[in-house]
Amino acid sequence: MSMDTWLLYVLAVLVLTITPGPAVLMCVTNSINSSARMTLYPALGNITSLIAIMSCSAIGIGAILASSAMVFTVIKYLGVLYLLYLGISSLRSKASDFEMPTDGNNSNTSHTNGTRLRLYVKGMLVGASNPKALLFFTAFFPQFINPAAAKLPQFLVLGVTFVFFEFSVLMLYATFAERMGPWLRSKGKARMFNQLSGGIFVAAAMLLATVKRAN
């Protein structure tokens, strides 16, 4: 894998991980209702599911790389269409407010009932139910792996890169949300959130459309 290929992959991963999705909203909500520190556990749960999905996807990488250019193109544009769907859905969303408690006792309730294990399992469930992850690993991985070189080291590099950015972004969102809690609860902020995420999804789709099959 060349440095240029890895840097392009980093750019794609950064765009996708920074885009608000179910895991981000889970961490933002938990951080506002509890604390950024407690968000560590659902974030780790989410990462656990992503590693499992990555491992399952890696099993089919060799077959995909050996397929015809037509199959590769079909897989790529399925990813493009899915990202466009997410982007347009976010842009058309009518939600104007975050659905999160504002009662002053919610923090204590969260600390009492939201044990570390419970938060970890919740993060795993959110990660496992996120279709974006499965589509990402089937649509992106084959395009950034050189079929003429050993695949395992390349898979490990791509996997570690993705996990690093995913975990870092989730914790950054959590830290930011903890500091901006009162502002995030004000009216209309969810709509702004959706408009931003929709634009980034569309940009990610355009980026994926330009990626070419490794030779």
Side-chain angles (χ1 to χ4, degrees), residues 4-29 46-47 49-54 56-58 60-61 63-65 67-99 125-145 155 158-159 161-170 172-173 176 188-215:
D4 289 342
T5 299
W6 182 76
L7 289 175
L8 180 59
Y9 176 77
V10 167
L11 179 60
V13 169
L14 182 59
V15 169
L16 287 175
T17 55
I18 206 170
T19 302
V24 167
L25 293 178
M26 171 190 65
C27 289
V28 166
T29 302
N46 181 71
I47 292 298
S49 287
L50 291 180
I51 291 174
I53 294 173
M54 274 191 285
C56 291
S57 298
I61 286 179
I64 294 174
L65 289 172
S67 299
S68 66
M70 179 181 296
V71 173
F72 178 84
T73 301
V74 169
I75 292 174
K76 179 173 75 173
Y77 282 104
L78 283 175
V80 170
L81 290 174
Y82 180 69
L83 291 174
L84 284 174
Y85 165 75
L86 292 177
I88 293 172
S89 296
S90 295
L91 290 171
R92 295 183 63 186
S93 175
K94 303 298 183 182
S96 61
D97 303 297
F98 287 106
E99 295 182 1
L125 293 174
V126 170
S129 62
N130 185 3
K132 183 178 73 172
L134 183 58
L135 222 87
F136 175 84
F137 294 121
T138 56
F140 270 64
F141 264 44
Q143 300 172 62
F144 289 97
I145 290 183
F155 170 74
L158 297 180
T161 300
F162 187 90
V163 167
F164 172 80
F165 278 102
E166 175 74 5
F167 182 75
S168 299
V169 166
L170 288 179
L172 284 173
Y173 266 112
F176 177 77
K189 295 304 183 293
R191 180 169 177 78
M192 293 173 56
F193 208 59
N194 287 330
Q195 293 295 308
L196 175 62
S197 65
I200 295 177
F201 269 127
V202 172
M206 295 173 64
L207 177 63
L208 174 58
T210 66
V211 175
K212 296 181 179 180
R213 184 170 180 265
N215 296 318

So, taking the atom named OH in Tyr9 and the one named CG in Leu158, what distance separates them when rounded to the nearest 0.5 Å?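 Going from OH on Tyr9 over to CG on Leu158, the span is 4.5 Å.
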Euclidean distance, Thr17 OG1 relative to Leu172 CG, rounded to 0.5 Å: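 Reported value, rounded in 0.5 Å steps: 10.0 Å.
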If every non-hydrogen atom of [X] is compared with every non-hydrogen atom of [Y], which pair is closest and at what distance?
X: Val202; Y: Leu91; value: CG2-CD1, 4.5 Å
X: Tyr173; Y: Ile18; value: OH-O, 2.6 Å
X: Ile47; Y: Phe167; value: CD1-N, 3.9 Å
X: Glu166; Y: Ala23; value: OE2-CB, 4.3 Å

Leu50 and Asn46, any side-chain heavy atoms less than 4.5 Å apart: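 In short, these two side chains touch, coming nearer than 4.5 Å.
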